[in-house]
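Keep in mind the model is a prediction, meaning the values are calculated, not measured. Both backbone and side-chain heavy atoms feed into the values below; hydrogens, waters and symmetry mates do not.
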Amino acid sequence: MKKTVLFLAGLLLFLNSFQLVATIFFSFLGYNFEFKFSTLLAIIIGQLTALFTIFILTHKDLKEIIFLKISLSILTPLSIINTAVHIIALNKFNLPIAICLFGSTVCLCLLTILCVKPLGLKIATLVLSGILIGPVALWGFFTIADLSFGEDRVIKSLESPKGTYYAEVISSDQGALGGDTIVKVHSFEEIDNLFFRINKKAQTVYFGEWYEYEDIGVYWKDDNTLIVKQKEYQIE
């Protein structure tokens with residue numbers, strides 16, 4: 001049983017950090033990372049956490065394992081961060097993910113209270129988790145309610161001469177706050193397979209007044225040079 005619980009602890013650490021680490025890594029390189037099985041991953045995490053919790057609660061001797069105490073002090077706040085990563089990645093409410101990840105966090109908080117020692121480590125873990133829960137819950141509320149502070153609308157799209165990039169002129173309507181005219185450049189380069197999609201982040205080359213989108217002059221000079229209002233922007 002001890003080996004099983006230690007294996008589950010290590011596996012949960014990996015599963016809860018996988019999407020977060022991949023997102024940060026590719027973001028640092030200038031790419032977007034999308035894992036296509038986020039819902040399945042959340043369900044697996046929820047089920048394994050429930051099994052992990054049952055094993056520990058029914059075998060009191062397991063609570064004294066040092067690796068387990070350290071794992072729980074990491075897993076509890078990590079599970080909250082993982083929930084935020086899923087919300088941001090999907091940008092919409094998903095009931096199975098919400099149930100599984102929320103349930104996982106509750107189980108880990110319970111185990112932290114019962115198992116983590118010394119008291120200072122337990123308090124630090126719970127305080128950090130409490131701090132993280134606030135913004136994640138707020139973001140989740142806005143996602144569930146489908147609230148937004150504005151609306152972006154693509155006015156036109158222009159492909160570069162060799163088809164490497166495409167530029168978008170966007171009207172960003174912020175309601176009573178006004179708005180902006182934005183020009184973004186996207187790359188057609190991407191890796192898209194069964195498990196994930198990786199593509200280059202859009203490059204914002206121009207911010208202007210909201211009304212400018214009506215007659216803004218945008219065209220490609222060559223495959224790596226975009227002209228916006230007679231000014232050249234090099235695209236890399």
Tracing side-chain contacts under 4.5 Å among Ile, Leu, Val, Met, Phe, Trp and Tyr outward from Ile123 reaches Leu119, Val127, Ile131
Residues passing the side-chain hydrogen bond (donor to acceptor under 3.5 Å, both in side chains) test with Asn32, sequence neighbours excluded, are Asn199
Closest non-hydrogen atoms of Val5 and Phe55, given as atom of the first, atom of the second and distance, are CG2-CB, 3.8 Å
Are the side chains of Asn193 and Phe196 in touch, meaning some heavy atoms are under 4.5 Å apart?
yes
Closest non-hydrogen atoms of Phe188 and Gly163, given as atom of the first, atom of the second and distance, are CD1-O, 3.0 Å
* To do: Kindly assign one of parallel, tilted or perpendicular to the pair Tyr206 and Tyr233, based on the angle between their ring planes and the thresholds 30° and 60°.
  => perpendicular
Minimum side-chain heavy-atom gap Lys229-Ile216 below 4.5 Å: yes
Closest non-hydrogen atoms of Ser157 and Tyr166, given as atom of the first, atom of the second and distance, are OG-CD1, 3.6 Å
Worksheet item: Transitively linked via ILVMFWY side-chain contacts under 4.5 Å: Ile155 with Leu158?
Response: yes
For residues Val21 and Ile191: do they belong to one hydrophobic cluster (side chain heavy atoms under 4.5 Å, members Ile, Leu, Val, Met, Phe, Trp, Tyr)? no
Lys221 NZ: over 12 foreign heavy atoms closer than 6.0 Å: no
In short, side-chain hydrogen bond (donor to acceptor under 3.5 Å, both in side chains) pairs touching residues 1-16 with sequence neighbours left out are Asn16-Asn82
With sequence neighbours left out, the residues meeting salt bridge (charged side-chain N to carboxylate O under 4.0 Å, His left out) with Lys200 are none
Any donor-acceptor pair under 3.5 Å from Lys162 side chain to Asn224 backbone: no
*Within a radius of less than 6.0 Å around CD1 of Ile66, do more than 12 heavy atoms belonging to other residues, nucleotides or ligands occur?*
no
Between Leu78 and Leu108, does the side chain to side chain contact (heavy atoms under 4.5 Å, CB included) criterion hold? Intermediate values first, please. CA-CA 10 Å; Leu78 182 61; Leu108 291 170; over 6 Å; no
Apart from Ile227 itself, its cluster of hydrophobic side chains linked below 4.5 Å comprises Tyr219
In short, side-chain hydrogen bond (donor to acceptor under 3.5 Å, both in side chains) pairs touching residues 118-127 with sequence neighbours left out are none
task = Taking Ser160 for its side chain and Tyr165 for its backbone only, find out whether a donor-acceptor pair lies under 3.5 Å.
result = yes
*Connected via hydrophobic side-chain network under 4.5 Å: Ile74 and Leu126*: no
**Item:** Same cluster (ILVMFWY, side-chain, under 4.5 Å), Ile65 and Ile70
**Value:** yes
For Pro161 and Trp220 the tightest heavy-atom approach is CD-CB, 3.7 Å
Here the side-chain hydrogen bond (donor to acceptor under 3.5 Å, both in side chains) pairs for residues 67-76, sequence neighbours left out, are Thr76-Thr112
Linking I/L/V/M/F/W/Y whenever their side-chain heavy atoms sit closer than 4.5 Å, directly or via other members, would Leu114 and Ile54 fall into one cluster?
no
- Query: So with a 6.0 Å cut-off around CZ of Phe7, is the heavy-atom count from everything else above 12?
  - Reply: no
- Message: Does Lys201 form a side chain to side chain contact (heavy atoms under 4.5 Å, CB included) with Ser27? I'd like the steps, not just the answer.
- Response: CA-CA 8 Å; Lys201 287 185 177 182; Ser27 179; 2.6 Å; yes
Residue pairs passing the side-chain hydrogen bond (donor to acceptor under 3.5 Å, both in side chains) test with at least one member in residues 181-191, sequence neighbours excluded, are Glu168-His186
For Ile170, the other hydrophobic cluster members (4.5 Å side-chain criterion, sorted by chain and number) are Val154, Ile182, Phe207
Smallest heavy-atom separation, Ile45 atom then Ser104 atom, equals CG2-OG, 3.8 Å
Connected to Ile43, directly or through other members, by ILVMFWY side-chain contacts below 4.5 Å are none
Item to check | Side-chain heavy atoms of Phe18 within contact of Val85, under 4.5 Å | outcome: no
When rounded to the nearest 0.5 Å, the distance separating CZ of Phe28 from OG1 of Thr23 is 15.0 Å
Interatomic distance, CG@Leu15 vs CG@Leu41, rounded to 0.5 Å, equals 6.0 Å
| query | Checking side chain to side chain contact (heavy atoms under 4.5 Å, CB included) for the pair Val183/Leu226: CA distance, chi angles, key distance, verdict? | reply | CA-CA 10 Å; Val183 179; Leu226 182 69; 3.9 Å; yes
Q.
Between Glu34 and Asp192, is there a side-chain heavy-atom distance shorter than 4.5 Å?
A. no
By salt bridge (charged side-chain N to carboxylate O under 4.0 Å, His left out), Arg153 pairs with (sequence neighbours left out) none
Taken to the nearest 0.5 Å, the spacing of Leu68 CG from Phe52 CZ works out to 4.5 Å
Interatomic distance, CG@Leu48 vs OG1@Thr53, rounded to 0.5 Å, equals 10.5 Å
- Query: When you look at Val106 and Phe102, which way does the side chain to side chain contact (heavy atoms under 4.5 Å, CB included) test go after all the steps?
  - Reply: CA-CA 6 Å; Val106 170; Phe102 177 75; 3.8 Å; yes
Separation between CD (Gln19) and CZ (Phe33), nearest 0.5 Å, reads 6.5 Å
Query - Minimum side-chain heavy-atom gap Val205-Ile235 below 4.5 Å - result: yes
Taken in chain and number order and not counting sequence neighbours, the residues that satisfy side-chain hydrogen bond (donor to acceptor under 3.5 Å, both in side chains) with Lys117 are none
Q. Donor-acceptor pair, Ser38 side chain versus Phe35 backbone, under 3.5 Å?
A. yes
Rounding to 0.5 Å, atoms CG (Leu72) and CG (Leu13) come to a distance of 9.0 Å
When every non-hydrogen atom of Cys100 is compared with those of Ala42, the smallest separation belongs to CB-O, 3.2 Å
